[in-house]
Protein chains: 2
Amino acid sequence: MNIGDAARASGVSAKMIRYYESVGLIPSATRTDSGYRSYADADVHRLRFIRRSRDLGFSVTEIHNLLGLWRDRSRKSADVKRVAQQHIADLRRRIDDLQQMADTLQTLVACCAGNDRPDCPILANLERPGHAVTATRKKRRPRSPLTQR
Amino acid sequence: MNIGDAARASGVSAKMIRYYESVGLIPSATRTDSGYRSYADADVHRLRFIRRSRDLGFSVTEIHNLLGLWRDRSRKSADVKRVAQQHIADLRRRIDDLQQMADTLQTLVACCAGNDRPDCPILANLERPGHAVTATRKKRRPRSPLTQR
DNA sequence: GCTTGACCTTCCAGCCATGGAAAGGTTTAG
DNA sequence: CTAAACCTTTCCATGGCTGGAAGGTCAAGC
């Protein structure tokens, strides 16, 4: 199985497979006599694991840990859970940051006439951040349905 | 006013001021005889505008547009509003992506015993994405209080 | 004057995960 | 035999910074 086949089968581009190999996320592939990388089903399996992890936003470093736990038959599920929870916390921080930006901008947009006149509260706020809009204390977003326990 | 003073006064690091100059976001600063960059209050004012825009997540390209509108006394507020609205849409896309990751992970975490045993639904899902968890239809998050009109 | 330390200058490299292109070798079908 | 579809390595670019190295400038204190 050449790299292109492994790429199609796993959903990881050939480029990224080579990259993952170069940074040590996956072991060096065996080579044919002519130097082509050769892959087996187990390799594709691992690549799919990586792909799915990336889709869930894990960094290469985190995936490295996850792969270690995956391979370790005597792992403790608590270790996996901790990695996942830390990642969730990270995602939530990023969500909160973006949400605060969006909220502030939404407030400003709502105040902007959006017509042919030059007066614009959005520019005014960028120029000199107003107190009311900026200083809103950080409100917790309501938990989304899926995250409720 | 040297670059360090401008940095302190604006909240933009000296490094970034040079960077913004190099990419054409701000005009080249005037120089002293010895080659030091020299800044006036108007420059600091502009840097603060940039800082605030970055804090709201605008890209350098978008800030370039915003600065143009800011300078243009005959701008239409509708133009500013459109830029802001597009940016809000972008923020919301990113939030939704992250939120979906967090939701999926939260579901998995909730299913994981988190004990000394190796069985782990999180790893199981990474290995072979389960249908129930992955295929949840995209649910709209409720609007946060600030974004309600 | 001379030293010291806080400035300033430019240039270069790295981060992260990825895409692209160049320049060449290999394999396979027709 | 040839064409096209592979594969290989290497370098470059992205965005928005941060850091460092090597060197010039300036102000205060001796």
Side-chain angles (χ1 to χ4, degrees), chain A residues 1-26 28-40 43-44 46-67 87 90-91 93-94 97-98 101, chain B residues 1-26 28-40 43-44 47 49-67 87 90-91 93-94 97-98 101:
Chain A
M1 211 194 223
N2 284 340
I3 198 171
D5 305 309
R8 271 181 296 272
S10 67
V12 178
S13 74
K15 275 279 205 206
M16 291 317 299
I17 296 177
R18 295 194 195 96
Y19 170 73
Y20 291 150
E21 182 183 317
S22 80
V23 298
L25 186 60
I26 56 178
S28 300
T30 57
R31 303 281 187 136
T32 66
D33 290 349
S34 58
Y36 282 21
R37 286 174 181 80
S38 193
Y39 297 90
D43 299 313
V44 172
R46 177 168 39 207
L47 285 169
R48 264 205 286 258
F49 182 99
I50 292 170
R51 175 66 150 88
R52 172 75 174 148
S53 301
R54 287 292 304 140
D55 286 346
L56 288 177
F58 287 102
S59 71
V60 167
T61 306
E62 287 168 322
I63 297 175
H64 192 84
N65 296 339
L66 289 174
L67 280 172
H87 183 52
D90 183 51
L91 289 171
R93 264 190 300 276
R94 287 152 67 189
D97 287 349
L98 295 176
M101 294 176 191
Chain B
M1 209 194 230
N2 283 341
I3 199 171
D5 305 309
R8 271 181 295 274
S10 66
V12 178
S13 74
K15 277 278 201 206
M16 290 314 302
I17 296 177
R18 293 194 197 95
Y19 170 72
Y20 289 150
E21 182 183 318
S22 80
V23 298
L25 187 60
I26 55 179
S28 299
T30 56
R31 305 280 188 136
T32 65
D33 289 349
S34 57
Y36 283 22
R37 286 175 182 78
S38 192
Y39 296 90
D43 300 312
V44 172
L47 285 170
F49 182 98
I50 292 170
R51 175 67 149 89
R52 171 76 176 148
S53 302
R54 287 292 305 142
D55 286 347
L56 287 177
F58 286 102
S59 71
V60 167
T61 306
E62 287 168 324
I63 297 175
H64 191 86
N65 295 339
L66 289 173
L67 280 172
H87 183 52
D90 183 51
L91 290 171
R93 264 190 300 275
R94 287 153 66 189
D97 287 348
L98 295 176
M101 294 178 192

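Given the structure is predicted, the values throughout are model-derived calculations rather than measurements. Residue numbers start from 1 in every chain, and the chains themselves are labelled A, B, ... in the order their sequence lines are given, proteins ahead of strands.
Looking at the side chain of B/Arg54, the nearest of the listed nucleotides D/dC17, D/dT10, D/dG19 is D/dC17. Proximity note for A/Tyr36 (side chain, C-beta onward) versus D/dC17, C/dG25, D/dG20: the nearest is C/dG25. Closest to the side chain of A/Ser34, out of C/dT26, C/dA21, D/dT18, is C/dT26. With D/dT18, C/dT18, C/dC8 as the candidates, the nucleotide lying closest to the side chain of B/Arg18 is C/dC8. Comparing D/dG19, C/dT18, D/dT8 by their closest approach to the side chain of A/Arg31 singles out D/dT8.
If you measure from atom CG of B/Asp55 to atom C1' of D/dG16, you get 13 Å, rounded to the nearest angstrom.
The pair B/Arg52-B/Asp55 does not count as a salt bridge, with every side-chain nitrogen at least 4.0 angstrom from each carboxylate oxygen.
Within the nucleic acid shown, A/Thr32 has no heavy atom closer than 4.0 Å to any nucleic acid atom. Among the protein residues, A/Ser59 comes within range of the sugar-phosphate backbone only, with heavy atoms under 4.0 Å from sugar or phosphate atoms but none that close to a base. B/Tyr20 comes within 4.0 angstrom of the backbone, heavy atoms only, and of no base.
A/Arg51 has no side-chain polar atom (N or O) that falls below the 4.0 Å cut-off from OP1 or OP2 of C/dA17.
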B/Arg94 vs B/Asp90, salt bridge (Lys or Arg N to Asp or Glu O under 4.0 Å): CA-CA, chis, key distance, verdict: CA-CA 6 Å; B/Arg94 287 153 66 189; B/Asp90 183 51; 3.3 Å; yes
